[in-house]
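Reviewing the structure listed below.
Since the structure is predicted, the reported quantities are computational estimates derived from the model, not experimental observations.
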Amino acid sequence: MILDLATPKELPPPDRSVLSQLDWKDVAVMWNSNDLGALHDWLNERWSRLIRNSLLGTKDPEAEFLQGLAYATLALYFTQNQNQEGALLLIDDAQMALAKYSPRFLGVNVAPILGALQELRPMLVGLAPDDDCPLYPFVYPKFEYTS
């Protein structure tokens with residue numbers, strides 16, 4: 001297949017409407033029921049729509065926030081599924097991204113999420129990559145938001 005670079009292609013604009021369509025109730029249901037795989041996919045789909053062809057791309061504050069939530073979600077999922085190495089890496093990424101938006105951003109109470117990650121991180125250090133979750137039962141704060 002040969003690419004036709006001479007013919008300009010119309011790029012779709014970034015989808016800023018995704019912000020007005022964010023329903024934190026859906027996020028809370030998935031987060032609070034520990035359906036973290038589905039939540040990660042939900043966040044990632046909205047993040048990718050938001051950065052698509054955006055001049056700011058991943059530097060867009062709302063996109064960075066969604067990505068930070070996705071990192072936190074995946075870190076909690078990984079630690080419960082014997083991927084401590086991945087959980088540790090994503091905790092660090094989540095903390096860096098979400099710290100900018102604490103204590104609250106877009107109606108989400110970020111501080112409890114950061115607190116849970118800060119408590120969990122030292123427990124993961126030194127674990128084998130495929131060790132079990134260091135907490136049983138694994139409890140993390142409920143997702144809190146205002147509409």
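When the side chains of ILVMFWY residues are joined at heavy-atom separations under 4.5 Å, either directly or via intervening members, F138 and V125 end up in a single hydrophobic cluster. No continuous path of hydrophobic side-chain contacts links L89 to L120 [ILVMFWY only; heavy atoms under 4.5 Å].
The salt bridge (Lys or Arg N to Asp or Glu O under 4.0 Å) pairs that include a residue from residues 76-90 number zero, where partners must be two or more places apart or lie in different chains. For residues 106-124, the set of pairs meeting the side chain to side chain donor-acceptor pair (under 3.5 Å) definition, not counting sequence neighbours, comprises D92-R121, N109-E144. Residue pairs meeting the ring-ring contact (aromatic ring centres under 6.0 Å, His included) criterion with at least one partner in residues 108-135, sequence neighbours excluded, are absent. The salt bridge (Lys or Arg N to Asp or Glu O under 4.0 Å) contacts involving residues 26-45 comprise E45-R49, where partners must be two or more places apart or lie in separate chains.
Rounding to the nearest 0.5 Å places OH of Y71 at 15.5 Å from CD1 of I113. Rounded to the nearest 0.5 Å, atoms CG (L66) and CD (E62) are 8.0 Å apart. Of the inter-residue distances, the one linking N44 atom CG with L69 atom CG reads 12.0 Å to the nearest 0.5 angstrom.
Residues L127 and L88 are not in side-chain contact: their nearest non-hydrogen atoms beyond the backbone lie 4.5 Å or more apart. Side chains of T73 and M30 form no contact here, defined as non-hydrogen atoms less than 4.5 Å apart. The closest side-chain heavy-atom distance from V110 to R104 is not below 4.5 Å. The shortest distance between side-chain heavy atoms of L22 and W24 falls below 4.5 Å. Counting only heavy atoms from C-beta outward, the side chains of L36 and Q80 approach each other to under 4.5 Å.
Qualifying ring-ring contact (aromatic ring centres under 6.0 Å, His included) partners for F65, counting only residues two or more places apart in sequence or in other chains: Y101, F105. Listed by chain and number, the residues in a side-chain contact (heavy atoms from CB on, under 4.5 Å) with A75 are L90, I91 (sequence neighbours excluded). The side-chain contact (heavy atoms from CB on, under 4.5 Å) search around S48 returns none, not counting sequence neighbours. Residues forming a side-chain contact (heavy atoms from CB on, under 4.5 Å) with K59 (at least two apart in sequence, or on another chain): none. With sequence neighbours excluded, no residue satisfies ring-ring contact (aromatic ring centres under 6.0 Å, His included) with F78. Listed by chain and number, the residues in a side chain to side chain donor-acceptor pair (under 3.5 Å) with Y140 are N34 (sequence neighbours excluded). Under the side chain to side chain donor-acceptor pair (under 3.5 Å) criterion, T79 pairs with Q84, not counting sequence neighbours.
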Quick one: do Y145 and V27 satisfy side chain to side chain contact (heavy atoms under 4.5 Å, CB included)? Show the steps, please. CA-CA 10 Å; Y145 67 98; V27 173; over 6 Å; no
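Minimum interatomic distance between I51 and A63 (heavy atoms only, all atoms of both residues): CG2-CB, 3.5 Å. Scanning both residues, P141 and W31, for their nearest heavy atoms gives O-NE1, 2.8 Å. Nearest heavy atom pair, residue L117 against residue A94, reads CD1-CB, 3.7 Å. The minimum heavy-atom distance between A97 and G68, with the atom names listed, is CB-CA, 3.7 Å. In plain terms, the two heavy atoms of F143 and N32 that are nearest each other are N-OD1, 2.8 Å.
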May I have the list of side-chain donor-acceptor pairs in residues 128-137 shorter than 3.5 Å, sequence neighbours left out?
| residue | atom | partner | partner atom | Å |
| --- | --- | --- | --- | --- |
| D131 | OD2 | A128 | N | 2.9 |
| D132 | OD1 | Q82 | NE2 | 3.1 |

